[in-house]
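All figures in this text were calculated on a predicted structure; none of them were measured in a lab.
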Amino acid sequence: MVLGGLRAVAAALLLGFLGYQLWQARGALGPNLHLVGWRTAAAATVLASLAGLPGFFGWRLLLARLGTRLPWRTALRLYLLAGLTRYLPGGLWPAVTHAALARSLGESPARLGGGYAAAQGLGAIAGLGVGLVALPRLTAAHAAWWLLLPVLLAALVPVVSPRLLAAVFGVALRVLRRPGRRPVLPDRRTLLTVTGLTVVGWLGYGLHITLLAVALGADPVGALTVGTGGFALSVVAGAVAAVLPAGLGVREVVLGLTLATLVTGPALVTLVALSRVLMTLGDLLGTTTVLGALALTGRLHRPRPAPRPAEEPAG
């Protein structure tokens, strides 16, 4: 009962924090929506919401190869709930949430927490790789962007070396204070598959930026390449700044620096601000909708207890 109360308090705090972020941005939301149009904003929100699904399938595949096969309903509920905690200050909350909920699922906290951390590590690597598509346009605008090239190329190395990624997994276990030997991760083929799924997710996120940028007057080809690569780089940069909720601030700065090659002035401010608001709104609405649907369908399909047989009258 105490654990249930703590979960309810944590959920209330999280939803309150999300609501506060949306409330803070309310003043700019109306004018920004007017500039890009409601249909474009709605389409961008849907794309941003759906872009998280490939990461879910990649995480579930990685977890299965590590020896934990969760039913898809349980896995989806866990993934979405833990994902929302990234809006709290501190970047380790999602992995900690996975570990904290593991025992209630009869699973190893170290495996769930570390598995999520490893999946996010692969996602960050994929994000840096996707960032390469923005490099030609960025370097044409300013030669200093070439400094990113060795960093982006080096980040791809762990994908083809399971031992290096296992080291990342071991660090996650130590941070979570979960004892145990460093695990042997799946083969290179599985790692490449998981990374490929997250690349699809990054492309989905990039399309939401592309729609908004084109609506604000950007060149479609540049919006697609710089929007996709720049957004991926900005999210990875925000993830490094773990003390901030969902990379708040850092992500906007990096995204603004990259998108400045497409649009400038008020259009740039509108693009960066609207992306943050629509993604937060999409996360909140999408997660609550899916969790509500899971709860409803679970209740409908729950087996009903068999009726008790009527007692025979005494002879």
Side-chain angles (χ1 to χ4, degrees), residues 21-37 40-41 43-45 47-48 51 86-87 89 91 123-124 127-149 151-152 155 201-283:
Q21 290 190 40
L22 292 174
W23 178 258
Q24 287 289 92
R26 71 190 186 283
L29 184 57
N32 290 343
L33 287 176
H34 179 73
L35 282 174
V36 302
T40 301
T45 304
L47 281 171
R86 68 181 179 274
Y87 286 97
L128 292 174
V130 169
L132 287 171
V133 302
L135 209 56
R137 185 107 178 193
L138 295 178
T139 53
H142 201 291
W145 287 106
W146 280 114
L147 296 175
L148 273 178
L149 184 60
V151 177
L152 300 183
W202 285 121
L203 295 178
Y205 285 122
L207 285 177
H208 107 274
I209 287 287
T210 302
L211 282 180
L212 298 176
V214 170
L216 292 169
D219 168 59
V221 176
L224 182 61
T225 55
V226 177
T228 301
F231 183 81
L233 292 175
S234 71
V235 175
V236 173
V240 173
V243 71
L244 300 172
L248 187 63
V250 174
R251 192 172 94 183
E252 280 69 29
V253 169
V254 176
L255 185 60
L257 289 173
T258 56
L259 296 181
T261 60
L262 299 175
V263 293
T264 57
L268 177 60
V269 176
T270 296
L271 179 54
V272 173
L274 193 56
S275 171
R276 166 65 77 171
V277 173
L278 293 182
M279 283 200 63
T280 304
L281 185 62
D283 276 347

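Annotation: side chain of W146 is not in contact with side chain of L138 (no heavy-atom distance under 4.5 Å). The closest side-chain heavy-atom distance from L216 to T270 is below 4.5 Å. Put simply, the side chain of W145 does not reach to within 4.5 Å of the side chain of R137, judged on heavy atoms. Counting only heavy atoms from C-beta outward, the side chains of L233 and L128 approach each other to under 4.5 Å.
Side-chain N or O atoms of T139 include one that pairs as donor or acceptor with a backbone N or O of P136 at under 3.5 Å. Panel note: side chain S275, backbone L271; no donor-acceptor pair is recorded below 3.5 Å. Looking only at distances, a side-chain donor or acceptor of T225 sits under 3.5 Å from a matching main-chain atom of G222.
Here the closest non-hydrogen pair linking A213 and A223 is CB-CB, 3.9 Å. The two residues P220 and V214 make their nearest non-hydrogen contact at CA-CG2, 3.8 Å.
Put simply, OG1 on T228 and NE2 on H208 are 10.5 Å apart, with the number rounded to the nearest 0.5 Å. Between the OG1 atom in T210 and the CG atom in L47 there is a gap of 9.0 Å [rounded to 0.5 Å].
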Kindly list each side-chain donor-acceptor pair under 3.5 angstrom involving residues 253-264, sequence neighbours excluded, with atom names and distances?
unit_1, atom_1, unit_2, atom_2, d
T258, OG1, V254, O, 3.3
T258, OG1, L255, O, 2.9
T261, OG1, T258, O, 2.8

Checklist entry - Run the side chain to side chain contact (heavy atoms under 4.5 Å, CB included) check on V226 and V133 step by step: do they pass? => result CA-CA 7 Å; V226 177; V133 302; over 6 Å; no
inquiry  = Let's go through L224 and L207 carefully: what are the C-alpha distance in whole Å and the side-chain angles of both, what is the deciding distance for side chain to side chain contact (heavy atoms under 4.5 Å, CB included) to 0.1 Å, and is it a yes or a no?
reply    = CA-CA 7 Å; L224 182 61; L207 285 177; 3.9 Å; yes
